[in-house]
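Reminder, nothing fancy here: chain letters follow the sequence lines and each chain counts from 1.
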2 protein chains.
Amino acid sequence: MAPTRRTSRDIRSESRLDVLHALLTAGETTRNELARTTGLSTATVATVVSDLLTGGIVTEARVASGRVGRPTTLLRLNQDRGRIVGVDVAETYIRAVVFDAALDEVAAAEVAADERHDETEEVVDGVARAVDAALARAGTPRDGVLGVGISLPGSMQRWGGSSPVMPNAVWRHVDRLRERLGLPIVVDNPLKAIATAELWFGQGRRHSSTITVNLGTGVGAGIILNGAILRGATNFAGEWGHSLLALDGRPCRCGRRGCVEAYVGALGMQRTLEAVAPEHPLASVPLQRDFIGALAAALEPPEPDPAVTETIQRTARYLGAALADLVAIVNPETITLTGWTVWALGDHLVPAVRRSVVAEAPGDAAADLEVEVSTVRGNSVATGIATIALERFLSDVGLVTTRVPTAL
Amino acid sequence: MAPTRRTSRDIRSESRLDVLHALLTAGETTRNELARTTGLSTATVATVVSDLLTGGIVTEARVASGRVGRPTTLLRLNQDRGRIVGVDVAETYIRAVVFDAALDEVAAAEVAADERHDETEEVVDGVARAVDAALARAGTPRDGVLGVGISLPGSMQRWGGSSPVMPNAVWRHVDRLRERLGLPIVVDNPLKAIATAELWFGQGRRHSSTITVNLGTGVGAGIILNGAILRGATNFAGEWGHSLLALDGRPCRCGRRGCVEAYVGALGMQRTLEAVAPEHPLASVPLQRDFIGALAAALEPPEPDPAVTETIQRTARYLGAALADLVAIVNPETITLTGWTVWALGDHLVPAVRRSVVAEAPGDAAADLEVEVSTVRGNSVATGIATIALERFLSDVGLVTTRVPTAL
DNA sequence: ACCATTTATCTATGGGTTAGATTTACCCCC
DNA sequence: GGGGGTAAATCTAACCCATAGATAAATGGT
């Protein structure tokens, strides 16, 4: 019944990941502390740390303790093990971020992208230029790259199957990307990337079930259950932005009507402002980021713009109702909010959204739910997809058995 | 990060459950066949079968093979190991079903229930009377009962926590039920029960992710991911019937507006008929089962009632849109439909629902989705909750480590 | 130089699995 | 009646995981 039977190697793999997560959280720590943090015995921690030292993933520094007893050795992730690149392919830009092996950002580069970039060659070229520029900025030779993670919107692949079925367009992307970059790559979609960022750096470390919701032009949810990303049958899970808020409601970019995104995406918020005050000057701001920035500015004391305030209130209600659907169906412990709309407007949105979720969720399902702005900083898509690339690298060197989706 | 680390005992537990599921599916089988079915080695199957034989869960019958070679021993679940009772506490009835240890139905009894049965004593009394009547009908002494599973609507409990938080009303139910029945009991909600039935007897055996949707007075979804029931932080997952279909739409029984249940529950379908043909005689049929039965009758050839046909079409569209939300968020491989509305109207609903899901789901997310009537026969709530009771019994005798939610 | 203390490592023992050897129980044939 | 071939069932050595507690290492204090 379990589609993939777990073996004792999986147990060891989990132990290694637990130790790596504890190291990421602590920055530097000791074997005894790792035993306390992970619940593993000191013998197991010793064995796992030995494996990671041998693999060059972890380094140690002998530290005189300044007290009696055997001196303590501090451990940390080996930043110098190599570089990992995370690439966020969005609608209007392609951003490549170089991380060290401790997943600290080293350098970044961005190239503009035409929104009609479903032409394979243009995407491949843009990704290659962004990666090359970022690596140059980081001073990293190609042989120092452990892996490149590339987030492609809408990419879909059969998880774990022996013959993955993928839309031809995406297959061509992957093949061409591999040829062009000449580096080990892994491809996934942005929702899985942000979920991975939350799992490794955010609330996913502390909670069994977390949903991280991205608000921007597009809107979606990364779902973490029992310490793993929910991918779904076709790696499509989390497309909550295209679940219904209002049957036959507002037209959505996807061609359907009434989607959550049509109400709480940046464009949806502009539509809400148009409904509140059709002649409002902000209703005709053409660029979404400018629009959201202007909303934030319009809310500054001492005189917040009443139409903008009403827009925020309505948006909070729509968002609360949509999050209540996630609560009703998935019932997570926490929901985190991420994305550039949240950075700009979170202070205004979050308190109202919390109230709205509790009001809109059935029964008292949302009574204990925590809704908060994500603590994952920077570009969480790039961070997450780089983390997926690191996991893939660790899998390739036999340190973890987690099945990272293959871009064959 | 994994909330509960898996140990080698968990691996053995999974092996035992795999063997048990294979036995349930096959009825009777051989060790070699079990090895082929489960993928375990013949040595492991031998060890597992030995454990199950020792525990009296499985029996063997020597069978001459009629061919050369060592004769084959047939194995089957030991029906005589004891009896398990599954109790479905619904709004208007309490039904107790007695199963043997191979989960075949032996006898049943039903008592009427007042819809205002949130009075603890009335529920406890009704459950006790139903269980006593069913056991009498089965000729089963109390000491022959391995466990009683009781499905209580709305029951919630913290899964796996050391100090479960549960609404007081439900706590009182559990305490009083244990006192009154004097039998080992486990309590869960109907959505978890139907998911368990689908996992053990339906599509959950063959697919990694399945959602089983119950349509009746109430509407909800049992969610199976990676061979396990999705419970959620407060055991509330699957309340899809109270996710939104239409913001500010039809009033729902739960006090909110626009819930899926208000459109595709039995009462919702009657509201749809009222919208289609306000003077239709069926619009005022008072009892929901009578109404649904009358709908089915009105659809018989050669002259199906046009208003009823239109009602079915609209309902299929609403249901398709609501299922599309499950596809967008959870992305399962299959969706099965169950419940008395489905038994009565499935032939008319399912083809249209399939088309609607594909049309309403974003992109081609639903392209490969299978939507079908569940193959789990009988009362799937009672079957499922009895299966949970069997799992609990197996856990109590140390044969599985699966954490069945405790009704302490 | 020795002792107490603390950290790190080692070891025997517990759990799981499998490949392949061995045993068992049959049928067929001489 | 016995031997050979065959297929099922069982056993065994070797692999994986974990931990409790013993042992070793490295320090500071006396």
Could you run down nucleotides 4-13 of chain C 5' to 3' and tag each one B, S or - for protein heavy-atom contact under 4.0 Å? -BBBSSB---
Counting N and O atoms only, with roles assigned by atom type, does the side chain of [X] sit under 3.5 Å from a partner on the main chain of [Y], one being a donor and the other an acceptor?
{"X": "B:E198", "Y": "B:Q203", "result": "yes"}
{"X": "A:T54", "Y": "A:S50", "result": "yes"}
{"X": "A:D100", "Y": "A:R83", "result": "no"}

Provide, to the nearest angstrom, the distance between the CG atom belonging to B:L53 and the C1' atom belonging to D:dA9. 13 Å
B:L40 CG - C:dG16 C1' separation (whole Å):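 Going from B:L40 (CG) to C:dG16 (C1'), I get 11 Å.
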Checking B:T401, B:T47, B:D51 against B:R16 for side-chain hydrogen bond (donor to acceptor under 3.5 Å, both in side chains), the one that qualifies is B:D51
CZ/A:R206 to CD/A:E333 distance, rounded to the nearest 0.5 angstrom? 12.0 Å
Residues forming a salt bridge (charged side-chain N to carboxylate O under 4.0 Å, His left out) with B:R76, sequence neighbours excluded: B:E28
With A:L75, the side chain to side chain contact (heavy atoms under 4.5 Å, CB included) member among A:T30, A:L34, A:V19: A:L34
For the pair B:V49 and B:E60, evaluate side-chain contact (heavy atoms from CB on, under 4.5 Å) and give the outcome as yes or no after the intermediate values. CA-CA 10 Å; B:V49 165; B:E60 62 183 4; 5.7 Å; no
Select base, sugar-phosphate, or nothing to describe what A:S15 touches, counting heavy atoms under 4.0 Å on all strands. sugar-phosphate
If you look at every strand shown and take non-hydrogen atoms under 4.0 Å, does A:T7 touch a base, only sugar-phosphate, or nothing? nothing
Nucleotide N/O to protein N/O under 3.5 Å, stretch nucleotides 13-16 of chain D:
| from | atom 1 | to | atom 2 | distance (Å) |
| --- | --- | --- | --- | --- |
| D:dC16 | O2 | A:S8 | OG | 3.4 |

